[in-house]
Amino acid sequence: MNQKSQSFIQEMFNEFYRQEYTPKALSTIEKREFGFISPEGFMIRHKSFKNVDELKSYLENLTPTDAYYSCAYYENPEAEMDKKGWIGADLIFDVDADHIPTNCDKVHDEWKCGNCGFSGKGVTPEKCPICNGEKFSATSWPCEACLESAKVETIKLLDMLMNDFGFSDKEIHTFFSGHRGYHVQIERENVRTLDAVARKEIVDYVTCLGLEILSNSYKNKKIGTRVYRNLKLDDFGWNRRIKEGTIKFILESNEEELTKINLKKNVAKEIIQNKETVIKNLKIGTLRSVRGVGVETWRKLMEHVAIMQSAKIDTVVTTDIHRLIRMPETLHGKTGFRKVEFPPSKIDSFDPFKEAISFKRKTATVFVSSAPRFRLDEEVFGPYKNQRVTLPAAAAILLICKGKAEVAE
Amino acid sequence: MQKSTLKFTKNDLAKYPFLKEAAEYVKSLDLKVEDLTSTDYARILERAEERIEEAILYTIVSRKLQNEEIEILSFPTAIMIAAATKNAFIKRRYALAEAKQTYNDLKLEPKEKILAITQNFQWNIAPNIGESEAAYEFKLHFTDYLKNTANLREKKWKLVNRLMTNGNVYLTRNETARLLSEEVKRHIEKRLDIKELPRLPEKIMEKAEKLNGLTLEKIGKAEIEGIPKTIIKEAFPPCIKALYDSAASGRHLSHIGRFTLTSFLVNIGMPTENIIEQFKGFSDFNERLTRYQVEHIAGERGSRTRYKPPNCQTLKTHGVCISQNDLCKTIRHPLEHYRKSIRR
Ligand SMILES: [Zn+2]
Ligand SMILES: [Zn+2]
C-alpha cells in the first residue's frame with residue numbers, strides 16, 4: 001500500500017469512527033482489556049475504558065486499522081499479563097475459512113516466497129518449488145464460496161451449542177468476523193470460570209476428537225444378535241448425529257462413494273444392494289443386517305460420518321482464556337468490512353457482503369493491478385487487470401486493503 | 001436445581017464430615033482449639049491422627065460410626081493437623097483418602113441423599129425422570145461435569161463420549177458418586193491450603209511432626225518430594241536444553257530428539273497441554289498428531305505406559321548428547337540430572 005492509499009484508508013476509517021460507528025453496549029466493559037493496531041502498524045495493548053463513550057472517542061482519535069477486546073475479565077485490565085487478576089472469560093469460537101477445506105481450492109489466494117520472491121496461486125505450499133524456502137507471505141480473499149463453507153461449519157456448531165450444550169438463542173452471539181469467517185461468543189455466567197482444560201473438552205466435543213465410535217468390547221467379536229448400545233439409546237447429541245448421519249450417508253451413496261472411504265468393494269456392494277434393510281435396522285439400532293459387514297466396516301462408516309458432522313473450528317481460540325477478539329461493529333483492516341452481529345436463527349439468510357458494508361455514500365478512483373470477480377450487496381465488480389476504475393468506496397477500500405489496488409494518481 | 005428437603009442424620013454427618021451441616025454442628029458445640037488437648041477430648045485427637053495415618057498407609061480413611069460424635073469432631077481436627085504438617089504430600093494424600101471412602105459410601109446411598117449432598121457444592125443436578133434410559137439416574141449440568149472430570153483420564157469421561165442434551169450430562173449413580181468424590185477431594189484440598197497457620201497447641205504440633213516422620217519412613221522419598229510442578233529449566237542437562245531451545249525457536253528436531261524432549265517433559269511433570277504448546281513453533285506442526293504423540297508418550301493413550309527418555313548412552317549414540325557438564329559425568333540418565341540438580 002503506497003502513501004497515498006494509506007492516507008486515503010486512514011481518512012475513510014476516521015470518518016467511519018466519527019460518523020457511522022455506533023458502539024454496541026459491551027458487557028462488563030470496565031473489566032476487559034482492549035488492544036488496537038495503530039495506523040502505523042503498532043500493536044497497542046493493555047488499555048481499558050470505563051464506558052463506550054470513552055472508547056468511541058479513543059477510536060476517533062487513534063483511527064486503528066483493527067480493534068480488539070479481551071474475552072477475559074480482569075481485576076486490573078491495564079496491568080501486565082501476570083498481574084491482571086483473571087476473573088473469567090466468555091466462551092468463544094472462531095470459524096475461519098482458512099481451517100476448512102473448500103470447493104474453490106482457494107484459487108483466489110496468493111503466496112510469495114520470502115526468500116526468492118517466487119509466487120503462485122492457491123494453497124500456500126510447504127516448501128518453495130524454486131528455492132525450498134519455507135517462509136511465505138500470503139494474501140487471501142473473502143470469497144463467497146469460502147464464507148459459505150464457514151457458514152456451514154458455524155451452523156453445525158450452533159446446533160451443538162443449542163441442542164447439546166443447551167444455550168438459548170439469546171445467550172449465543174453470532175458475528176461475521178469482517179473477513180473470512182464467523183465468531184460465536186457466549187457470555188453466560190456459569191461458563192465464565194471454566195479453565196483451559198474444561199474448554200478443551202468443549203473443543204473436543206464440537207470437533208469430535210476422541211469420540212469412541214464403537215467401544216472396544218466389539219473388537220474382534222462378531223456382531224451377531226448384539227445391538228450397538230449407543231444406537232439404541234436416546235437420539236441425543238453425538239448419538240443422534242452419528243445415527244442420522246449414517247442413515248443419510250448410506251441413503252445418498254453409491255458403491256463408489258463407499259469405496260472412497262476405504263470400504264472393500266464387495267462390502268460396499270452388499271450395503272448398497274441391501275440399503276433398505278440396513279437403514280431399517282439402523283433406525284431401530286441394530287447393526288446386524290448384512291452378511292460380511294462387520295464391526296470394522298461400521299466403525300469406518302461412522303468415523304467418516306462423525307467427521308462430516310463435526311464443526312471445524314480454530315481450536316486454539318476457544319482454549320485461550322486471555323484471547324483478544326475483534327470488537328463488534330469495528331472495521332477489519334484487511335477488508336474495511338465491519339464485524340457485525342446477527343441472530344443465530346437468521347444465519348441461513350445472513351449475507352456478509354451486504355450486512356457488513358460501510359462507506360455507502362462515497363466513490364473512489366483506483367488503479368487495480370488484479371482482482372477476481374466479487375459482489376458487494378447487489379452489485380458485481382471485476383474481474384480487473386491493470387486498469388483504472390471508479391468504484392463505490394467500500395469496493396475501493398476492499399481492493400486497497402487486500403493489496404490489489406492503489407488510489408489512482 | 002431441585003431443593004431437597006432431606007435432613008441429614010448424625011450418622012450422615014459422621015460419614016460425610018465435610019458437609020456444611022457437620023461444620024455447623026461442630027460450631028454449635030462451641031469448642032476451642034485448646035479444649036482438644038484436654039483429656040476429655042483425647043479420643044478425638046487420637047482419631048484425628050488415625051485418619052491421617054490411614055491416609056498415609058492405605059490411601060483410604062475408614063469410617064468408625066459407632067461413635068458419631070468423635071467421628072464428626074475428628075475431621076476438622078485432622079484438617080488442622082494435616083495443615084500443621086505443612087507437607088504437600090500428606091495434604092494431597094489425606095484429601096484423596098477421604099474422597100475415596102466418600103465414593104465407596106456414596107455409591108450405596110439412595111438418590112435423595114446423593115442429591116442433598118450435591119447441594120452442599122451448589123451442583124446443578126436433577127434426577128433423570130424418564131427422559132433417558134433408566135440406568136442414568138441423574139443429569140448434571142456440563143459445567144459442573146467438566147469441573148470434576150479434569151483429573152479423570154478414562155475415555156468414557158471425555159465429554160464427547162457422554163450423552164448430553166440441553167446442557168445436561170446423563171450419569172449413573174456410580175458415576176455421580178465418582179464425580180462427587182472428586183468435588184470432595186478438591187473441597188478438602190482447598191481447606192488444607194492455608195497460607196498462614198494460627199498458633200497451634202503443642203500437642204497438635206507434636207502429632208504433625210509424628211506424621212511427617214511416618215511419611216518419611218513409609219513412603220519413598222522421591223514420591224514425597226515428587227518433581228516440582230514448576231519446571232526448572234536451569235536443571236535441564238545440556239542435551240535437553242538444546243532440544244528445548246530448538247523447539248522454542250521452531251527448528252526441526254529429529255525423531256529421537258522429539259521423543260527424548262517429549263518424554264523428558266512428561267516425566268518431570270509438565271502438563272500435556274504445555275508440551276504441545278512447545279511444538280507449536282514447528283512449520284510441520286499438526287495439533288491433532290502432536291497431541292496424539294504426546295499423550296501416547298505420557299501413557300494417556302494406547303499402551304497406558306508412560307515412556308522414559310533414552311539413557312545417556314543411547315543419546316550419545318544418536319548424537320543427541322551434545323556436551324557434558326560436570327554433573328553429566330556422574331549420571332547415566334537425563335532425568336537423574338534434573339533430579340540431582342534441583343536438589344542442590
Ligand atoms: Zn523460493
Ligand atoms: Zn474461496
So which part of [X] gets closer than 4.5 Å to some heavy atom of chain B, the side chain, the backbone, both or neither?
X	value
D164(A)	both
L194(A)	side chain
V206(A)	neither
T319(A)	neither
R188(A)	side chain

Angle between ring planes, F236(A) versus Y170(B), binned at 30° and 60°: parallel, tilted or perpendicular?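 Ring orientation, 0 to 90° scale: parallel.
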Given side chains that start at C-beta, do those of [X] and [Y] come closer than 4.5 Å, heavy atoms only?
X	Y	value
H141(B)	N190(A)	yes
K147(B)	T193(A)	yes
I202(A)	L146(B)	yes
W238(A)	R162(B)	no

Using side chain to side chain contact (heavy atoms under 4.5 Å, CB included) as the criterion, list what pairs up with N151(B), not counting sequence neighbours.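 E182(B), K185(B).
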Is it the case that over 12 heavy atoms from other parts of the model lie below 6.0 angstrom from the [atom1] atom of [X]?
X	atom1	value
K112(A)	NZ	no
K190(B)	NZ	no
K158(B)	NZ	yes

Distance in Å, [X] [atom1] paired with [Y] [atom2], rounded so as to fall on 0.5 Å steps:
X	Y	atom1	atom2	answer
I276(B)	K200(A)	CD1	NZ	7.0 Å
L91(A)	T143(B)	CG	OG1	11.0 Å
M162(A)	N166(B)	CE	CG	12.0 Å
D204(A)	L159(B)	CG	CG	9.0 Å

Take T165(B) and N163(A) through the side-chain contact (heavy atoms from CB on, under 4.5 Å) test and state the conclusion after the steps. CA-CA 6 Å; T165(B) 183; N163(A) 292 315; 5.7 Å; no
Quick one: closest heavy-atom pair of W157(B) and E201(A), and the distance?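 Scanning both residues, the minimum pair turns out to be O-OE1, 4.5 Å.
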What closest approach, in Å, do A150(B) and V197(A) show between heavy atoms, and which atom pair accounts for it?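 Scanning both residues, the minimum pair turns out to be CB-CG1, 4.4 Å.
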Apply salt bridge (Lys or Arg N to Asp or Glu O under 4.0 Å) to K111(B) and list each qualifying residue two or more places apart in sequence or on a separate chain.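 With sequence neighbours excluded, K111(B) shows a salt bridge (Lys or Arg N to Asp or Glu O under 4.0 Å) to no residue whatsoever.
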Using only atom types and a distance under 3.5 Å, with no angle test, would you say the side chain of N161(B) pairs donor to acceptor with the backbone of G210(A)?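 Confirmed, N161(B) side chain pairs with G210(A) backbone.
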